[in-house]
Amino acid sequence: MIIPFFITSFIITFSVFGYGLLGYKILNLKEEKLNFGLNGILGLFFLSIISSYSHILFPHNYTHNLIIILVGICLIFILKHKYKANFRIHFRNFSIIFTLLFIAFIFAKTNEDYSYYHLPNSLQFAQQKLQFGLGNLNHGFKHISSLFMLKSLNYVPYFEHYLFNLTNFIFLVFLIQFIITEIYYNRESNTNFSLFFLTFFLILFLVKFSRIAEYGADIAGQIIMVFYLFFIIELLFNYDLDFKNRVNYLKLSLILLVFAITTKFILFIYSLYFLLIFFLLKNKISILKKFFEFRFFIILSLPVLFFLFFNFSSTGCVIYPIEFTCFSENFNWTLTSQTIDYLNFHYEVWSKGGKGPSFEVENQASYINSFNWIPHWISVYFFNKVSDYILVVFLITLIFTLFFIKEIFVVKKTHNKFNSKFILFYLCSIFIFLLWFFNFPTLRYAGYVIVFLLIISPFIYIFNDRINLQNKSAVKKISVLFMISFTVFFIKNSNRIYNELNIPDHSHHNFKNFPLYWDEDKEYKKIFIDGQRLYQTTGKCWSTPSVCVRSIDNLKISEYKNYIFYSIR
């Protein structure tokens with residue numbers, strides 16, 4: 001089982017590169033040194049567009065997905081000349097990184113929200129084409145993300161839904177390959193700041209985010225933010241970029257920003273970095289003309305339009321759960337305004353520590369008013385989740401400092417324009433942090449990256465004048481840090497797998513189906529409402545066939561031009 005599991009996962013991941021190469025060709029992003037990791041993320045971006053369009057017409061069933069995989073592999077062999085002589089090196093590095101990290105993809109226990117809305121949504125996209133009013137069936141169907149559309153592309157024969165979590169693993173593989181390539185192959189064209197930034201993030205993800213099952217629907221978008229911020233930093237601090245590369249970096253950063261937002265709309269707050277860059281740019285008119293080139297404008301608009309449309313088709317809100325974007329009174333299949341108001345209130349209370357799996361505060365309206373929530377949030381959330389995260393970040397910084405202690409205490413030799421632009425960058429980071437903190441202060445809601453940046457940026461400022469990462473001896477020390485980080489990654493995952501293998505067969509989250517994750521065997525019954533087939537269950541849907549429904553009270557189903565509409569009578 002483990003060998004077919006590995007080979008299938010490898011082939012699906014490899015096929016993504018074909019769509020990345022196609023993306024470079026369509027967008028005419030000519031760059032001398034292509035990065036296989038960035039190419040993979042662009043491939044996922046284009047696959048999100050393709051899968052969104054195809055879902056309107058077809059379910060993402062076996063035939064659909066096998067065609068997607070085959071086309072991706074064919075595109076690689078057709079377009080790989082872009083890599084020229086470097087293709088073998090990139091492929092070798094990809095194969096090594098994929099193999100070394102694969103241990104993290106072998107897990108029994110999935111994310112706590114997986115059975116709640118990740119799996120049901122992905123399975124819905126795999127087994128059904130577009131349907132309207134799904135938010136009326138289950139609370140989980142109200143949450144739309146391009147990530148679930150991508151997961152549904154992994155629905156293949158034999159493994160079925162057991163490869164849905166592969167998408168999160170793919171994001172990690174592409175991130176690690178991107179960072180390795182920029183540090184070891186492209187570092188001469190990068191700034192010290194961006195190299196420090198990537199180094200710290202690689203260590204962070206190997207040490208802190210070692211368990212793929214914990215990624216849920218939140219970490220993938222923040223991984224995209226790492227790519228996005230790399231280009232933002234290069235645009236801000238790399239004075240050697242010519243006009244062509246500056247435009248390319250701006251285009252790439254905008255694509256990455258849009259992609260991240262379609263995975264989690266909250267990541268919109270990071271658009272402030274792009275506005276900062278645009279404010280500082282010269283030749284704004286010339287650059288704007290490049291943005292409005294027909295091909296680029298269409299490619300950038302499509303994922304936004306699809307994201308808004310699928311939100312609307314599920315809930316009746318263009319951006320759920322923002323009430324003024326909803327059309328509750330205009331269509332009979334949309335969520336009611338009362339439901340939207342209640343859920344919006346619920347999310348705010350929950351994110352500010354007023355609710356949890358086993359508790360909720362009294363007088364919740366008063367709780368979220370002004371700053372009343374902060375003391376309780378500190379007690380129930382800051383300790384221990386935020387505090388533990390901060391300690392990890394400081395520990396990484398401390399270890400890095402010890403490795404470069406001689407260089408750090410050498411008198412700095414340079415002092416340039418880095419100062420003023422760094423201040424602007426850091427002020428922008430503080431503003432983004434405040435937006436996050438006062439609206440949705442939960443780390444998985446766009447918080448991991450901004451908290452990390454606030455802590456690490458001053459240290460990078462100090463290191464920047466003292467450590468030259470272009471130096472071979474510095475790269476050797478970084479290599480040792482990476483090896484230590486991977487050792488921690490490997491030990492944590494090995495220990496986790498050992499513990500999961502020792503869970504009794506009759507217990508939840510056992511590894512009876514090794515290497516496939518544990519899937520609760522839910523009881524359900526087939527029912528028909530208004531001539532349409534549904535599968536009713538209690539509690540979470542898990543892998544119940546689509547369309548999974550819990551409550552059928554007052555449910556009405558209609559059909560128009562071969563599309564299904566669910567409404568409450």
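All heavy atoms count here, side chains included; hydrogens, waters and symmetry mates do not.
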Derivation of the ring-ring contact (aromatic ring centres under 6.0 Å, His included) call for Tyr114 and Phe164: CA-CA 10 Å; Tyr114 186 71; Phe164 282 170; 7.5 Å; no
Atom pairs and distances, donor-acceptor, side-chain atoms in residues 432-443, under 3.5 Å, two or more places apart:
residue: Trp436; atom: NE1; partner: Phe440; partner atom: O; Å: 3.1
residue: Trp436; atom: NE1; partner: Thr442; partner atom: O; Å: 3.1
residue: Trp436; atom: NE1; partner: Tyr445; partner atom: O; Å: 3.0
residue: Asn439; atom: ND2; partner: Leu435; partner atom: O; Å: 2.7
residue: Thr442; atom: OG1; partner: Ser351; partner atom: O; Å: 3.2

Under 6.0 Å between ring centres: does that hold for [X] and [Y]?
X      : Y      : value
Phe312 : Tyr320 : no
Phe404 : Phe463 : no
Phe306 : Phe309 : no
Phe178 : Phe230 : yes
Tyr389 : Phe452 : no
Phe193 : Phe425 : yes
Phe102 : Phe98  : yes
Phe10  : Phe94  : yes
His118 : Phe148 : yes

Applying ring pair (Phe, Tyr, Trp, His ring centres under 6.0 Å) between Tyr461 and each of Phe197, Phe422, Phe237, Phe196, report the one that passes. Phe422
Among side-chain atoms of [X] and [Y], is any donor-acceptor pair under 3.5 angstrom?
X      : Y      : answer
Thr262 : Ser146 : yes
Glu182 : Asn35  : yes
Tyr273 : Ser253 : no
Asn93  : Tyr185 : yes
Arg187 : Asn190 : no
Thr191 : Ser194 : yes

Step through the shown structure and confirm whether more than 12 heavy atoms of other residues, nucleotides or ligands are within 6.0 Å of NZ on Lys290. no
Is the count of non-hydrogen atoms from other residues, nucleotides or ligands lying under 6.0 Å from Phe431 atom CZ greater than 12?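 Incorrect, the count does not exceed 12.
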Is there a side-chain contact between Phe291 and Leu300 (heavy atoms, below 4.5 Å)?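 Not touching, per the 4.5 Å side-chain cut-off.
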Contact check, side chains of Phe45 and Pro303, non-hydrogen atoms, under 4.5 Å: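 Side chain of Phe45 against side chain of Pro303, heavy atoms only: contact under 4.5 Å found.
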Ignoring hydrogens, what is the shortest heavy-atom contact between [X] and [Y]? Give both atom names and the distance.
X      : Y      : result
Phe17  : Asn39  : O-ND2, 3.4 Å
Ile269 : Ala446 : CD1-CB, 4.3 Å
Leu250 : Phe274 : O-CE1, 3.7 Å

Tell me whether [X] is salt-bridged to [Y], with the criterion being a basic N under 4.0 Å from an acidic carboxylate O.
X      : Y      : value
Lys208 : Asp388 : no
Glu293 : Lys289 : no
Glu234 : Arg246 : no

What's the separation between atom CG in Leu267 and atom CG in Leu257, rounded to the nearest 0.5 Å?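 Between atom CG of Leu267 and atom CG of Leu257 there are 8.5 Å.
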Could you grab the distance from atom CG of Leu175 to atom CD1 of Ile179, nearest 0.5 Å is fine?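 Reported value, rounded in 0.5 Å steps: 4.0 Å.
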Tell me, please, which residues at least two apart from Tyr426 pass side chain to side chain donor-acceptor pair (under 3.5 Å).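 Tyr426: no side chain to side chain donor-acceptor pair (under 3.5 Å) contacts found.
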The criterion is side chain to side chain donor-acceptor pair (under 3.5 Å); which residues satisfy it with Ser210, sequence neighbours excluded?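 Here the qualifying residues are Lys492.
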Begin with the C-alpha distance, continue with both residues' side-chain angles, and end with the deciding distance and a verdict on side chain to side chain contact (heavy atoms under 4.5 Å, CB included) for Leu22 and Phe46. CA-CA 9 Å; Leu22 179 65; Phe46 275 88; 5.8 Å; no
Against the six-membered ring of Phe296, is Lys251 placed for a cation-pi contact (under 6.0 Å from the centre, within 45° of the normal)?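 Yes, Lys251 sits over the ring of Phe296.
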